[in-house]
Amino acid sequence: MKGFILTLFVVLRVLPGQALVHRYSFIIEEAPYTRLCSTKNILTVNGQFPGPSLHIRQGDTAIVHVHNKGNQNITVHWHGVKLPRNPWSDGPVYITQCPIMPGKSFIQNIQVTDEIGTLWWHAHSEWSRATVHGAFIVYPKRGENYPFPQPRAENTIILGEWWKSDIQDVLTQFQHSGGDPIVSDALLINGQPGDLYPCSKQDTFKLEAEYGKTYLLRMINAAMNNILFFSIAKHQITVVGSDGSYTKPFKSDYIAISPGQTIDFLLEANQAPDHYYMAAKVYNSALPVPFDHSTTTGIIEYSGNYTPSSPLSFPRLPLLNDTKASVNFTGGLRNLASKVDVPLNLDTKLFLTISVNLRPCETNNTCTGPAGHRFAASINNISFVQPQINILQAYYGGLRGVYEEQFPSFPPLKFNFTAQPFPFKLTIPSLGTKVKVLEYNSNVEIVLQATSLVWSPDHPMHLHGHSFYVVGSGIGNFDEKKDPLNYNLVDPPLRNTIAVPRNGWTTIRFKANNPGVWLMHCHLERHATWGMEMVFIVKNGKSPQEQLLPPPSDMPPC
Ligand SMILES: *[C@@H]1O[C@H](CO)[C@@H](O)[C@H](O)[C@H]1NC(C)=O
Ligand SMILES: *[C@@H]1O[C@H](CO)[C@@H](O)[C@H](O)[C@H]1NC(C)=O
Ligand SMILES: *[C@@H]1O[C@H](CO)[C@@H](O)[C@H](O)[C@H]1NC(C)=O
Ligand SMILES: *[C@@H]1O[C@H](CO)[C@@H](O)[C@H](O)[C@H]1NC(C)=O
Ligand SMILES: *[C@@H]1O[C@H](CO)[C@@H](O)[C@H](O)[C@H]1NC(C)=O
Ligand SMILES: *[C@@H]1O[C@H](CO)[C@@H](O)[C@H](O)[C@H]1NC(C)=O
Ligand SMILES: [Cu+2]
């Protein structure tokens, strides 16, 4: 009898596919951190920087109790988790919730459905995500394996950005000046700048490796304003996943990763036992923009008895303006699935121009943007204005005057979007809080066309609530006759953030099967703050299982 009970217990504990609920406590609090010879207080979760990693399995749910013990408003976003019918837990401030004010708390319910691999979480209010972020790792269901050989070990590599100044001061100064933000003082690997900065040698990420073994590395770009190139000396890597979805194995000497994206890759420790540098630096396609020119490093240390080379070998990174290298890496990713459910019969086709713009400076202010103007940014020439009550609450409660519908499906003007020089008179956008309403289950295609207005960097566009297939991309103006002929409808990668190349376009497709209010925005913080954001409302379906859930009782009030 005793044996029987024991067996039953064990079976219940390891039942393949069984979904579990995991509870976490996130205490938002200030903590002192020293980097580059100076100490400052930063906002953290549980005192950690980067914040805690969540590890859960496909199908599981994380319930996160967020307590704000800091001194500023905050929200937390689960980047790449779709949250079916539950935008209430999504996090973008004044889009799906009002902020959690100091001293208050909010319980977020994060259900993982078909996402797999590496996602992450980060603050989604002001610029707090600079230090409030961490990994969200989704393992296969119990009893299921990776579609690649079991690695010897796994590690997370979070790329970040460090300012000696307080990040909210950087934001305030940026918004006041109307120009570019001051550039960061260092790039980081897992919170550490590495060997190439003043007083930083002790703050270097080290990864131990055993010769002959393979490691799974989960990379997240949590930087605020920079797409990054990454490479490891003398080692090729094999990409196996991105943005919470598997990819066909893809070998490369380097990685191009934009803020918001994740890349899972295998590293074979197949070189002579030694220490090797890994390094990351900025990819910046718009050279006049001031940016952080530094290089962050970490070290791979093979185990064994040997004297490491001196100096250590250093990786070859693409040139900082090498758009081809960035496009080539991103274009190399292919979906692993043999049958991909990319929408074919389209219901809604959108053509969205994404632009950096200018606005006149306020009277009595001096703006440091071009020609004394203030920078702005827009989608279809509308620069997004954040409302004071969140859009989800207004939509759910039928509150008028918070947002307008009829976000335009096409730009107001057709011009040579990538012309050089650009027509200056087109640079001033209109302002608005408009949403695009999508029918439940509609098949949506969006052509994202970057324009050359003011200047044209890459724009890493991120969609909440859905993953999308990237079916095509190119440089120049999108050609609606020729370009669709080259779409990849066979094995397009499934992503939640895609860098639209400089002076180029990218086409994405998704099924709008998640009722709610979902933000789409550029994941370069400076562009989002300038207004490169828009909102989708996905309507309810007919059956009760196709409808928005009611709000939890502890939604933070405005
Ligand atoms: C990249 O910058 C270098 C100078 O640093 C320049 O010679 C080269 O033409 C640039 N390449 C592109 C593609 O703009
Ligand atoms: C990337 O570059 C390699 C070598 O030049 C080429 O063979 C490959 O087709 C390129 N891939 C893409 C996606 O452009
Ligand atoms: C600008 O400054 C002048 C002189 O100090 C003042 O009279 C005027 O009211 C100010 N305008 C605004 C919009 O603040
Ligand atoms: C658009 O502008 C680009 C860059 O100036 C130029 O190369 C291209 O020919 C123009 N396209 C059209 C259709 O005018
Ligand atoms: C954007 O809208 C403003 C205001 O209506 C207009 O002056 C400007 O030319 C438009 N620009 C573009 C690129 O459509
Ligand atoms: C914090 O959020 C509340 C509620 O939305 C708002 O009234 C208040 O102005 C915010 N405080 C700051 C400093 O933004
Ligand atoms: Cu952008």
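Values in this document were obtained by computation on a predicted structure and should not be read as measured data. For ligands, and for the atoms within them, numbers begin at 1 and follow the listed sequence. All residue numbers in this chain count up from 1 along the given sequence.
In summary, H523 places no N/O/S atom under 2.8 Å from the Cu ion (ligand 7), failing the contact criterion.
In this structure, atom 3 (C) of ligand 5 lies nearest to the protein heavy atom I428 O, 3.2 Å.
Around the Cu ion (ligand 7), the angle linking H459 (ND1) with H527 (ND1) is 100°, rounded to 10 degrees.
The protein does not reach atom 5 (O) of ligand 1 closely, with no heavy atom under 4.0 angstrom from it. Checking atom 14 (O) of ligand 1 against the protein gives a heavy-atom contact under 4.0 Å. For atom 10 (C) of ligand 1, a protein heavy-atom neighbour is found at a distance under 4.0 Å.
For atom 12 (C) of ligand 5, the nearest non-hydrogen atom from the set I382, N381, N380 comes from N381. Nearest-residue assignment for atom 8 (C) of ligand 1 (options N284, N321, L320; heavy-atom criterion): N321.
Among the candidates F422, W505, F351, F478, the single residue satisfying the ring-ring contact (aromatic ring centres under 6.0 Å, His included) test with F417 is F351. Considering V444, I446, L489 as possible partners of R509, the one that fulfils the side chain to side chain contact (heavy atoms under 4.5 Å, CB included) test is L489.
A donor-acceptor pair shorter than 3.5 Å cannot be found between the side chains of N226 and Y283.
Those atoms of ligand 5 that come under 4.0 Å of a heavy atom in L426, given as number and element, are 9 (O), 11 (N), 12 (C), 13 (C).
For the pair V66/I100, a side-chain contact is recorded, criterion being any heavy-atom separation below 4.5 Å from C-beta on.
Taking CG from N513 and NZ from K82, the interatomic distance works out to 8.0 Å, rounded to the nearest 0.5 Å.
Contact annotation for T427 and ligand 5: no heavy atom of the residue comes within less than 4.0 Å of the ligand.
Taking 4.0 Å as the cut-off, P412 counts as a neighbour of ligand 5 on heavy-atom distance.
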Side chain to side chain donor-acceptor pair (under 3.5 Å) evaluation trace for S313 with Y277: CA-CA 6 Å; S313 38; Y277 270 124; over 6 Å; no
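Ion pair D491/R334 flagged as a salt bridge, since at least one NZ, NE, NH1 or NH2 atom sits closer than 4.0 Å to an Asp/Glu carboxylate oxygen. Checked for salt-bridge contact, E525 and R129 meet the test: a charged N lies under 4.0 Å from a carboxylate O.
When only interatomic distances are considered, the shortest N/O to N/O separation between P429 and ligand 5 does not fall below 3.5 Å.
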